[in-house]
Amino acid sequence: MEPKKKNKPNSLVIILFALIVLMIIIYFILVMFFPSVFDLLNTGDIQPVPDK
């Protein structure tokens, strides 16, 4: 009896998944060491409309 072939995902899928995980890890490292870079980002907070 031959052993069954295991269903392996495509190498491109593995590379893309690893890149996404790596980007998330790099993001958290940047936030920890360089918080001033991310303070300037627009977070979408509601701002009051000035009266005319």
Side-chain angles (χ1 to χ4, degrees):
M1 274 180 85
E2 288 185 22
K4 290 185 177 179
K5 268 188 168 179
K6 291 193 174 183
N7 190 9
K8 288 176 60 177
N10 194 354
S11 61
L12 185 65
V13 174
I14 295 174
I15 291 171
L16 287 175
F17 184 75
L19 279 176
I20 291 172
V21 171
L22 199 65
M23 286 173 62
I24 292 171
I25 292 171
I26 289 172
Y27 169 76
F28 281 112
I29 290 173
L30 286 175
V31 168
M32 281 171 46
F33 290 106
F34 304 105
S36 61
V37 174
F38 297 94
D39 288 342
L40 302 174
L41 290 178
N42 183 11
T43 57
D45 293 335
I46 298 174
Q47 296 176 349
V49 178
D51 293 330
K52 289 190 175 183

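Note that this is a predicted model, so its numbers are computed, not measured. These numbers come from the heavy atoms of this one structure, side chains and all, not from hydrogens, waters or symmetry mates.
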hydrophobic_cluster_shared for Ile24 and Val31, side chain cutoff 4.5 Å = yes
Phe33, Ile25: one ILVMFWY side-chain cluster at the under-4.5 Å cut-off?
-> yes
Transitive ILVMFWY side-chain link Val13 to Met23, under 4.5 Å = no
Cluster link Leu30 to Val21, ILVMFWY, side chain under 4.5 Å = yes
Path from Phe28 to Phe17 over hydrophobic side-chain contacts below 4.5 Å = yes
Apart from Leu19 itself, what residues make up its hydrophobic cluster when side-chain heavy atoms of I, L, V, M, F, W and Y under 4.5 Å apart count as a link, directly or indirectly?
-> Ile15
